[in-house]
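Since the structure comes first, as C-alpha cells, the remarks are kept for the end.
In listed order, ligands and their atoms are each counted from 1. Here, residue 1 is the first one in the sequence, and each next residue gets the next number.
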Amino acid sequence: MSASLIDGKAFAAGLRQRASDAAARFTVQTGRPVGLAVVLVGDDPASDLYVRSKARACKEAGLHGVEHRLPVQTSQADLCALVEHLNTDPAVDGILVQLPLPPHIDEAAVLAVVSPEKDVDGFHVVNAGRLATGASGFVPCTPLGCLMLLKDRLGPLAGLDAVVVGRSNIVGKPMAQLLLAEHCTVTVAHSRTGDLAAVLRRADIVVVAIGRPQAIPGDWLKPGATVIDVGINRLQPDAEGRNRLVGDVDFASAVAVAGAITPVPGGVGPMTIAVLLCNTLQAAHQRANLPLPNLA
Ligand code: GUN
C-alpha cells in the first residue's frame with residue numbers, strides 16, 4: 001500500500017485566500033486594516049525566517065503586519081512594556097511573541113502579559129484553559145491546522161484512536177485537547193513512554209511533534225493510519241552538499257504503511273501561518289463586534 005499525500009500547501013492556500021477576502025471586507029466595514037504585531041527578541045535564524053514569513057503572509061492577505069525586532073539583551077521588563085503598549089494600541093488586533101525567547105527571559109511571564117483577546121497564538125493560560133474546558137477562545141495555530149487537515153481527510157473523528165507524540169504547550173497538549181473535543185480516544189506519548197511502537201500500532205490517527213528527525217519508522221504504524229508530521233528538521237549536508245528538510249516520521253517507510261500522510265515540506269508547515277491569519281481575523285472581528293467570518 002502507498003499512502004495518499006495530504007497537501008497542506010494547497011489547503012493553506014485556500015485558507016489564505018478566504019482570509020484575504022475577509023480582511024478586505026473588514027477594512028471596508030471598519031475603515032482600517034486588520035492589524036498583527038509580531039515581536040522577535042534576538043537574531044535566531046529560524047525565528048527570523050518564521051517572522052519574515054509571517055510578515056509576508058500578512059502583507060499578501062491585506063493585513064497590516066508590524067514587526068518589532070528587539071536586541072537579544074532586551075530585558076524582560078522592556079519586553080513586557082512593549083507588549084502592554086500593544087495591548088492598548090487600537091490598531092493592533094493580534095499580538096504574537098515569537099518563541100523561544102532568550103534564556104534570561106521568563107517565557108511564561110511574558111505570555112501572561114499578552115491580552116487574552118489579542119492572543120492569536122493561543123498561548124495565554126486563559127486561552128489554554130478555554131480550550132481545555134470547551135469554551136471558545138484562541139487555539140494555537142499549528143494544532144488547529146493539523147485538526148483541519150484531519151477533518152478534511154477523515155470527516156467526523158468521533159470514536160477514532162488518536163496518538164499524539166510530544167507534549168509541548170505549543171503543539172502536543174493543545175492537539176490532544178482538540179482531538180478529545182472531537183470525541184477521539186486520545187493518548188499522549190512522549191520521551192518517557194515505554195513501548196511507543198505498541199502505543200502507535202493501535203492508532204487510527206498519529207500526530208508527531210517531537211523535533212527529532214525521522215524518529216518514527218513505518219513499521220510502528222497501524223496499516224491505513226492517518227499520519228500528521230509536525231516536525232521540520234534540517235539534516236546535515238549529504239554527499240552532494242544538500243541539507244534536506246525532513247519530518248519526525250521516517251517518510252519513506254511510513255508511506256508504505258499509512259493510509260494518508262503529510263509530507264515535509266508542504267504538509268503542516270504552511271498551515272501554521274494560514275491559521276495565524278484566521279486567528280487574527282477572529283480577534284479583529286471580536287474586537288469590532290462583527291460576526292466572525294467562516295474561513296474553515
Ligand atoms: N515558535 C515555534 N512555533 C511558534 C508559534 O507557533 N508561535 C510563536 N509565537 N512562536 C513559535
Query raised in the report: Picking from L70, V51, L96, L99, what satisfies side-chain contact (heavy atoms from CB on, under 4.5 Å) with L40?
Result: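 Exactly one candidate clears the test, V51.
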Query raised in the report: Cluster question for you: counting only ILVMFWY and a side-chain heavy-atom cut-off of under 4.5 Å, with indirect links fine, are V249 and V165 together?
Result: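 They do share one cluster, since a chain of ILVMFWY contacts under 4.5 Å joins V249 to V165.
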Query raised in the report: Hey, is CG on N243 packed in by over 12 heavy atoms from elsewhere, all under 6.0 Å?
Result: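 Counting neighbours around CG of N243, more than 12 heavy atoms of other residues, nucleotides or ligands fall under 6.0 Å, so yes.
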Report task. Let me know which protein residues bring a heavy atom to under 4.0 Å of ligand 1; chain then number is fine for ordering. Result ->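 Around ligand 1, where the cutoff is 4.0 Å for heavy atoms, the contacting residues are K54, L96, V97, Q98, L99, D121, F123.
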Donor-acceptor pairs are to be reported for all side-chain atoms of residues 172-181 against protein atoms at under 3.5 Å, with residues two or more places apart or in another chain.
| from | atom 1 | to | atom 2 | distance (Å) |
| --- | --- | --- | --- | --- |
| K173 | NZ | N169 | OD1 | 2.9 |

Query raised in the report: Side-chain contact, heavy-atom cut-off 4.5 Å: L295 with Q282?
Result: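 SC-SC contact between L295 and Q282 ruled out.
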Query raised in the report: Taking all atoms of both residues into account, what is the closest heavy-atom pair of P33 and G62, and its distance?
Result: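 Result for this residue pair: CB-O, 4.3 Å.
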